[in-house]
Amino acid sequence: MPGQRAFSQGTVRPKLPLLKILQAAGAQGETFTLKEVMHHLGQYIMVKQLYDKRQQHMVYCGGDQLGELLGLESFSVKDPSPVYEMLKRNLTSAAM
Ligand SMILES: C[C@@H](c1ccc(Cl)cc1)n1cnc(-c2ccccc2)c1-c1c(C(=O)NCCN2CCN(C3CCCCC3)CC2)[nH]c2cc(Cl)ccc12
(Lines give C-alpha, C1' and ligand atoms only; values in the text may rest on other atoms or scores of the structure.)
Protein backbone atom coordinates (compact mmCIF):
# COMPACT_ATOMS: atom_id res chain seq x y z
CA MET A 1 0.00 0.00 0.00
CA PRO A 2 2.13 2.96 -1.23
CA GLY A 3 0.09 5.55 0.68
CA GLN A 4 0.57 3.65 3.91
CA ARG A 5 4.32 3.29 3.27
CA ALA A 6 4.71 7.01 2.55
CA PHE A 7 3.38 8.03 5.96
CA SER A 8 5.03 5.28 7.95
CA GLN A 9 8.61 5.38 6.65
CA GLY A 10 9.40 9.06 5.71
CA THR A 11 9.45 8.24 2.03
CA VAL A 12 11.20 10.68 -0.30
CA ARG A 13 10.96 11.34 -4.05
CA PRO A 14 14.34 12.09 -5.72
CA LYS A 15 14.41 14.80 -8.39
CA LEU A 16 15.20 13.46 -11.86
CA PRO A 17 19.04 13.91 -11.92
CA LEU A 18 19.36 12.05 -8.59
CA LEU A 19 16.77 9.42 -9.61
CA LYS A 20 18.87 8.62 -12.71
CA ILE A 21 21.92 8.03 -10.50
CA LEU A 22 19.96 5.73 -8.17
CA GLN A 23 18.53 3.80 -11.14
CA ALA A 24 22.06 3.40 -12.56
CA ALA A 25 22.84 1.63 -9.27
CA GLY A 26 19.86 -0.69 -9.73
CA ALA A 27 17.16 1.18 -7.79
CA GLN A 28 13.57 0.39 -8.82
CA GLY A 29 10.67 2.85 -8.52
CA GLU A 30 10.53 6.57 -7.81
CA THR A 31 10.10 6.83 -4.02
CA PHE A 32 12.52 5.58 -1.36
CA THR A 33 13.37 5.82 2.32
CA LEU A 34 16.48 7.90 3.09
CA LYS A 35 18.24 4.65 4.05
CA GLU A 36 17.48 3.21 0.59
CA VAL A 37 18.77 6.39 -1.12
CA MET A 38 22.05 6.13 0.83
CA HIS A 39 22.37 2.43 0.04
CA HIS A 40 21.90 3.00 -3.72
CA LEU A 41 24.34 5.95 -3.72
CA GLY A 42 26.90 3.70 -2.01
CA GLN A 43 26.30 1.02 -4.64
CA TYR A 44 26.66 3.64 -7.39
CA ILE A 45 30.05 4.75 -6.02
CA MET A 46 31.20 1.13 -5.90
CA VAL A 47 29.83 0.10 -9.32
CA LYS A 48 31.40 3.17 -11.00
CA GLN A 49 34.59 2.68 -8.94
CA LEU A 50 34.58 6.33 -7.82
CA TYR A 51 36.31 5.50 -4.51
CA ASP A 52 40.09 5.36 -4.12
CA LYS A 53 41.22 1.74 -3.89
CA ARG A 54 43.99 2.63 -1.44
CA GLN A 55 42.27 5.40 0.55
CA GLN A 56 38.83 3.84 0.50
CA HIS A 57 37.15 6.71 2.36
CA MET A 58 37.95 9.08 -0.53
CA VAL A 59 35.41 9.43 -3.39
CA TYR A 60 36.58 11.08 -6.63
CA CYS A 61 33.37 12.16 -8.39
CA GLY A 62 34.67 15.00 -10.62
CA GLY A 63 33.48 14.37 -14.20
CA ASP A 64 30.69 12.08 -12.98
CA GLN A 65 26.99 13.00 -12.66
CA LEU A 66 27.39 12.53 -8.89
CA GLY A 67 30.06 15.22 -8.80
CA GLU A 68 27.77 17.52 -10.82
CA LEU A 69 25.01 17.10 -8.20
CA LEU A 70 27.41 17.55 -5.28
CA GLY A 71 29.29 20.43 -6.92
CA LEU A 72 32.49 18.67 -5.83
CA GLU A 73 35.48 16.95 -7.46
CA SER A 74 35.97 14.71 -4.43
CA PHE A 75 34.86 14.18 -0.85
CA SER A 76 35.53 11.91 2.11
CA VAL A 77 32.84 9.53 3.33
CA LYS A 78 33.98 10.61 6.82
CA ASP A 79 32.31 14.01 6.24
CA PRO A 80 28.74 13.35 5.01
CA SER A 81 27.68 17.02 5.16
CA PRO A 82 28.08 17.76 1.41
CA VAL A 83 25.97 14.69 0.64
CA TYR A 84 23.21 15.79 3.01
CA GLU A 85 23.26 19.29 1.48
CA MET A 86 22.88 17.73 -2.00
CA LEU A 87 20.00 15.54 -0.77
CA LYS A 88 18.20 18.59 0.65
CA ARG A 89 18.33 20.07 -2.87
CA ASN A 90 17.36 16.86 -4.67
CA LEU A 91 14.73 15.13 -2.51
CA THR A 92 11.09 16.05 -2.01
CA SER A 93 8.73 14.44 0.52
CA ALA A 94 6.60 11.75 -1.13
CA ALA A 95 4.03 11.92 1.66
CA MET A 96 2.12 14.80 -0.01
C1 LIG B 1 28.88 4.91 6.47
C2 LIG B 1 28.53 4.93 5.02
C3 LIG B 1 28.13 6.34 4.60
C4 LIG B 1 26.81 6.55 4.21
C5 LIG B 1 26.42 7.83 3.79
C6 LIG B 1 27.35 8.87 3.75
CL7 LIG B 1 26.85 10.43 3.24
C8 LIG B 1 28.67 8.65 4.11
C9 LIG B 1 29.07 7.37 4.54
N10 LIG B 1 29.66 4.50 4.15
C11 LIG B 1 30.91 4.17 4.56
N12 LIG B 1 31.66 3.89 3.49
C13 LIG B 1 30.89 4.04 2.39
C14 LIG B 1 31.42 3.80 1.03
C15 LIG B 1 32.80 3.98 0.80
C16 LIG B 1 33.31 3.72 -0.46
C17 LIG B 1 32.48 3.26 -1.49
C18 LIG B 1 31.11 3.11 -1.24
C19 LIG B 1 30.58 3.37 0.02
C20 LIG B 1 29.62 4.42 2.79
C21 LIG B 1 28.45 4.81 2.00
C22 LIG B 1 27.21 4.17 1.87
C23 LIG B 1 26.76 2.87 2.40
O24 LIG B 1 25.61 2.51 2.16
N25 LIG B 1 27.63 2.18 3.08
C26 LIG B 1 27.29 0.81 3.52
C27 LIG B 1 28.53 0.12 4.02
N28 LIG B 1 29.64 0.30 3.05
C29 LIG B 1 30.92 0.32 3.74
C30 LIG B 1 32.04 0.56 2.73
N31 LIG B 1 32.02 -0.47 1.67
C32 LIG B 1 33.04 -0.27 0.60
C33 LIG B 1 34.29 0.47 1.04
C34 LIG B 1 35.27 0.63 -0.13
C35 LIG B 1 35.65 -0.72 -0.70
C36 LIG B 1 34.41 -1.48 -1.14
C37 LIG B 1 33.41 -1.62 0.00
C38 LIG B 1 30.68 -0.51 1.00
C39 LIG B 1 29.57 -0.71 2.02
N40 LIG B 1 26.39 4.90 1.11
C41 LIG B 1 27.06 6.03 0.72
C42 LIG B 1 26.63 7.10 -0.08
C43 LIG B 1 27.50 8.14 -0.34
CL44 LIG B 1 26.98 9.47 -1.34
C45 LIG B 1 28.80 8.12 0.17
C46 LIG B 1 29.23 7.06 0.97
C47 LIG B 1 28.35 6.02 1.24
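Atoms within each ligand, like the ligands themselves, are counted from 1 in listed order. Counting begins at 1 with the first residue of the sequence. The figures that follow rest on heavy atoms only: side chains count, while hydrogens, waters and symmetry mates do not.
For atom 8 (C) of ligand 1, the nearest protein heavy atom lies under 4.0 Å away. Inside a 4.0 Å radius of atom 40 (N) of ligand 1 there is at least one protein heavy atom. Checking atom 26 (C) of ligand 1 against the protein gives no heavy-atom contact under 4.0 Å. Under the 4.0 angstrom criterion, atom 29 (C) of ligand 1 counts as lacking any protein heavy-atom contact. Counting protein heavy atoms under 4.0 angstrom from atom 20 (C) of ligand 1 gives zero. For atom 3 (C) of ligand 1, the nearest protein heavy atom is 4.0 Å or more away.
Val77 and Leu69 fall within the same hydrophobic cluster, where Ile, Leu, Val, Met, Phe, Trp and Tyr residues are linked whenever their side-chain heavy atoms come under 4.5 Å apart, directly or through other members. Hydrophobic clustering (side-chain heavy atoms under 4.5 Å, transitive across Ile, Leu, Val, Met, Phe, Trp, Tyr) keeps Tyr60 apart from Phe75. One hydrophobic cluster, built from ILVMFWY side chains closer than 4.5 Å, holds both Leu50 and Val37. Hydrophobic clustering of Ile, Leu, Val, Met, Phe, Trp and Tyr side chains at less than 4.5 Å, counting indirect connections, unites Ile21 with Leu72.
Lys88 and Tyr84 form no side-chain donor-acceptor contact under 3.5 Å, judged by distance and modelled atom types alone.
Below 4.0 Å from some heavy atom of Val83 lie the following atoms of ligand 1, by number and element: 7 (Cl), 44 (Cl). Close approach to Leu41 involves these atoms of ligand 1, each under 4.0 Å from a residue heavy atom: 42 (C), 44 (Cl). Below 4.0 Å from some heavy atom of Gly42 lie the following atoms of ligand 1, by number and element: 18 (C), 22 (C), 40 (N), 41 (C), 42 (C). Proximity to Pro80 (heavy-atom distance under 4.0 Å) selects the following atoms of ligand 1: 7 (Cl).
The shortest contact between atom 13 (C) of ligand 1 and any protein heavy atom is with Val77 CG1, 4.2 Å. Summary of contacts: the protein heavy atom closest to atom 16 (C) of ligand 1 is Gln56 O, 3.6 Å. Nearest non-hydrogen protein atom to atom 5 (C) of ligand 1 is Met38 SD, 3.8 Å. Ranking protein heavy atoms by distance to atom 45 (C) of ligand 1, first place goes to Ile45 CD1, 3.5 Å.
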Exercise. How far apart are the C-alpha atoms of Tyr51 and Met46, what are their side-chain angles, what is the distance that settles it, and do they pass the side chain to side chain contact (heavy atoms under 4.5 Å, CB included) test?
Worked result: CA-CA 7 Å; Tyr51 66 93; Met46 284 169 60; 4.1 Å; yes

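Taking each of Met58, Gln49, Met46 in turn, the one with a heavy atom nearest to atom 38 (C) of ligand 1 proves to be Met46. For atom 34 (C) of ligand 1, the choice among Tyr44, Tyr51, Phe75 with the nearest heavy atom turns out to be Tyr51.
Remark: Lys53 NZ is packed, more than 12 non-hydrogen atoms of other residues, nucleotides or ligands lying under 6.0 Å away.
Taking the side chain as every heavy atom from C-beta outward, Leu91 and Leu18 approach each other to under 4.5 Å. Using a 4.5 Å heavy-atom cutoff, the side chains of Leu87 and Met38 are in contact. Contact check for Leu16 versus Lys20: side-chain heavy atoms found under the 4.5 Å cut-off.
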